[in-house]
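Sharing a structure below in structure tokens format, with a few things to ask.
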Amino acid sequence: MKLLVTGGAGFIGSHLVRRLVVQGGHQVVNLDALKYSGNPANTHDLNSHARYRFFHGDIADQALVKRLLEEHRIEGVINAAAETHVDRSILDPGSFANTDVVGTGVLLEEARRAGVKRFVQVSTDEVYGSVETGTSTEEDRLVPRSPYSASKAGGDLLTLSFWTTYRFPVMVTRGSNTYGPNQYPEKFIPLFVTNAIDDQPLPLYGDGCQRRDWLAVEDHCAAIERVLSDGEPGQIYNIGGGNERENLAVAEQLLSLLGKPKSLIRFVEDRPGHDRRYAVDSRKLTKIGWQPTVPFDDGLKTTVEWYRKHESWWRPIKSGEFRAYYEAMYGKRLREGSSA
Ligand code: DAU
């Protein structure tokens, strides 16, 4: 297929683009705004590939989106462009509404007008809110609790309305916590791994007993590709890794992989409105032929190794814009925190 993938210079987007071009044999136009976490280095290996083109721009730029869809005769769109970090959404909620709701709306409308055949909206299990027990199914009520998850829920609902209203063939995926190489080091696993490499404290929120279900990025991308090819229009598909862990246990595991002491863990003031647990039921997706393949112990080991060997990728990031963000987010908390 001729595909437009948005956010293809980001973490999940770059793995997805590579998979679609190299393994899937698709032609891919990658549109990315290259905001703070978009990194051209994530796809540099594809730059000379005959089936790959990169364009710098915003999904909310209607004229640009229209031109790309028409000039490249796009048949399918995967919207992986988003503001994604919960903590940043607490500092700056407006930019999340702009990209995750308004930008998604522009992309949907232009794709519909251009006669696109398949549209996949990459979303998140966070739209279900905190799930104390059991698992969320695709029919569950949406109870987003952060500006990030509320913006993603808005994007999901807008996407689904295009099926109900126009019979525009959209599908929504709701993935769990994703990890792997090339993840911007503001997220839990890459932040903790890179801090530990530098013998810096690991700021663990609250009691550290929150639970997340970890999904390897390659499994997440395989799921999106499966939905693109075999998903039913108008449907939602949960994607869970089947690796539920407490944050404290993950912190201890990565410290042990790096041979670093547990005393690096620092309990700090909790994230406001912190969701205690996410867990999804992915049976709908397994019925169309997907299942996770990477056990967490293997995936974490590979990821830790990757960060260990790719300091040239993350050191420039952590010394740039990131410093001011880190001080605003963690400075006071770390000074007041307590060790494990
Ligand atoms: O569930 C899917 C979602 O997973 C995605 O939609 C989001 O884009 C992605 O960021 C992630 O959301 P979380 O808020 O769960 O991810 P984060 O990596 O920020 O945090 C994971 C857990 O670790 C969470 O319970 C908060 C905790 N945490 C995180 C950071 C950054 C800490 O204890 N300390 C930290 O410094």
Side-chain angles (χ1 to χ4, degrees), residues 7 10-13 37 80-91 96 99-100 121-131 135-136 142 144-153 155-156 172-180 183-196 200-217 219-220 223-224 238-241 243-254 264-280 282 303 318 322 325-331 333-334 337 340:
F11 165 49
I12 297 174
S37 61
E83 293 283 351
T84 67
H85 192 38
V86 173
D87 291 325
R88 288 204 193 237
S89 82
I90 295 167
L91 296 177
F96 284 69
T99 301
D100 301 354
Q121 168 72 359
V122 178
S123 186
T124 167
D125 64 357
E126 292 199 18
V127 296
Y128 298 116
S130 194
V131 183
T135 51
S136 308
L142 304 188
R145 289 160 26 96
S146 71
Y148 161 64
S149 52
S151 303
K152 289 300 285 182
D156 280 24
V172 172
T173 62
R174 292 185 178 149
S176 67
N177 278 65
T178 306
Y179 70 100
Q183 186 170 29
Y184 192 85
E186 65 189 352
K187 300 285 173 85
F188 177 64
I189 287 181
L191 177 69
F192 277 30
V193 171
T194 55
N195 276 15
Q200 291 298 309
L202 314 187
L204 193 65
Y205 295 160
D207 61 5
C209 297
Q210 304 82 7
R211 301 180 79 87
R212 296 292 185 265
D213 173 16
W214 294 99
L215 171 66
V217 67
D219 282 336
H220 194 159
I224 295 168
N238 288 339
I239 315 169
N243 298 296
E244 189 177 333
R245 298 280 191 286
E246 267 186 8
N247 291 341
L248 176 58
V250 175
E252 288 177 349
Q253 190 173 347
L254 63 86
L264 281 179
I265 295 175
R266 187 75 50 87
F267 288 94
V268 300
E269 187 188 348
D270 209 351
R271 171 187 280 174
H274 195 172
D275 288 337
R276 198 79 187 155
R277 176 175 178 264
Y278 305 125
V280 290
S282 319
T303 302
K318 284 191 101 174
F322 190 84
Y325 163 76
Y326 195 79
E327 177 53 32
M329 183 57 62
Y330 296 102
R333 278 164 147 173
L334 281 168

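Both ligands and their constituent atoms are indexed starting at 1 by order of listing. Because the structure is a prediction, the values reported are computed rather than measured.
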Fill in: Side-chain heavy-atom pair Asp156, Arg174 within 4.5 angstrom cut-off
yes

Worksheet entry | Interatomic spacing from CD in Gln210 to CZ in Arg271 - rounded to 0.5 Å | 8.5 Å

Fill in: Side chain, backbone, both or neither: the part of Val86 lying under 4.0 Å from ligand 1 by heavy atom
side chain

Worksheet item: Which atoms of ligand 1 are found less than 4.0 Å from any heavy atom of Gly175?
Response: 2 (C)

Discussion item. Restricting to side-chain hydrogen bond (donor to acceptor under 3.5 Å, both in side chains), what partner residues turn up for Asn195, sequence neighbours left out?
Written reply: Lys318, Tyr326

Fill in: Distance-only polar pair, side chains of Tyr278 and Glu126, donor-acceptor under 3.5 Å
yes

Worksheet item: Is there a heavy atom in Lys152 that sits closer than 4.0 Å to ligand 1?
Response: no

Discussion item. Using modelled atom types and a 3.5 Å cut-off, is there a donor and acceptor pairing between side-chain atoms of Asp100 and backbone atoms of Tyr148?
Written reply: no

Worksheet item: Can an N or O of Asn177 be found at a distance shorter than 3.5 Å from an N or O of ligand 1?
Response: yes

Practice prompt. Could you list which atoms of ligand 1 come closer than 4.0 Å to a heavy atom of Leu191?
Written response: 36 (O)

Worksheet item: Going by the atom numbers of ligand 1, which of them fall below 4.0 Å from some non-hydrogen atom of Pro203?
Response: 32 (C), 33 (O), 34 (N), 35 (C), 36 (O)

Worksheet entry | With sequence neighbours excluded, residues passing side chain to side chain contact (heavy atoms under 4.5 Å, CB included) with Arg211 | Glu244, Glu246, Arg277

Worksheet item: Do ligand 1 and Asp87 have nitrogen or oxygen atoms that lie under 3.5 Å from each other?
Response: no

Worksheet item: Do Ser151 and Thr99 come close enough that some side-chain heavy atom pair is under 4.5 Å?
Response: no

Item to complete: Run down the list Val127, Asn247, Val250 and name the one with the heavy atom closest to atom 27 (C) of ligand 1.
Response: Asn247

Item to complete: Specify side chain, backbone, both or neither for Ser176, according to which of its non-hydrogen atoms lie closer than 4.0 Å to ligand 1.
Response: backbone

Fill in: Subset of ligand 1 atoms that lie under 4.0 Å from at least one heavy atom of His85
19 (O)

Worksheet item: What's the shortest distance from atom 14 (O) of ligand 1 to any protein heavy atom, and which residue and atom give it?
Response: Arg271 NH1, 2.6 Å

Practice prompt. Determine whether the side chain, the backbone, both or neither of Thr178 has a heavy atom under 4.0 Å from any heavy atom of ligand 1.
Written response: neither

Worksheet, complete the sentence: Counting from 1 in the order shown, the ligand 1 atoms closer than 4.0 Å to a non-hydrogen atom of His274 are 24 (C), 25 (O), 26 (C)

Worksheet item: Is there a side-chain contact between Asn238 and Thr135 (heavy atoms, below 4.5 Å)?
Response: no

Worksheet item: Does the side chain of Thr178 come under 3.5 Å of the side chain of Lys187 through a donor N or O and an acceptor N or O?
Response: no

Worksheet entry | Closest to atom 20 (O) of ligand 1 among Phe188, Phe192, Tyr330 (heavy-atom distance) | Phe188

Practice prompt. Specify whether Trp214 and Phe188 have parallel, tilted or perpendicular ring planes, treating 30° as the upper limit for parallel and 60° as the lower limit for perpendicular.
Written response: parallel

Worksheet item: N/O of Glu126 under 3.5 Å from N/O of ligand 1, yes or no?
Response: yes

Discussion item. If you compare all heavy atoms of Pro272 against all heavy atoms of Arg333, which two are closest, and at what distance to 0.1 Å?
Written reply: CD-NH2, 4.4 Å

Worksheet entry | Structural part of Asp125 in contact with ligand 1, heavy atom criterion under 4.0 angstrom | side chain

Discussion item. Taking Asp207 first and then Arg276, would you say they form a salt bridge - that is, a charged N and a carboxylate O separated by under 4.0 Å?
Written reply: yes

Worksheet item: Can you list the ligand 1 atoms lying under 4.0 Å from a non-hydrogen atom of Glu186?
Response: 31 (C)

Fill in: atom 33 (O) of ligand 1: the protein heavy-atom neighbour that sits closest, reported with distance to 0.1 Å
Tyr205 N, 2.8 Å

Discussion item. Checking contacts here: is it the side chain or the backbone of Thr84 that comes within 4.0 Å of ligand 1, counting heavy atoms only? Could be both or neither.
Written reply: both

Worksheet item: Taking C-beta and beyond as the side chain, do Leu191 and Tyr330 meet within less than 4.5 Å on heavy atoms?
Response: yes

Response to the item:
If we number the atoms of ligand 1 from 1 as shown, the ones under 4.0 Å from a heavy atom of Lys187 are 8 (O), 9 (C), 10 (O), 18 (O)

Item to complete: Go through ligand 1 atom by atom and flag the ones less than 4.0 Å from a non-hydrogen atom of Arg212.
Response: 15 (O), 24 (C), 25 (O)

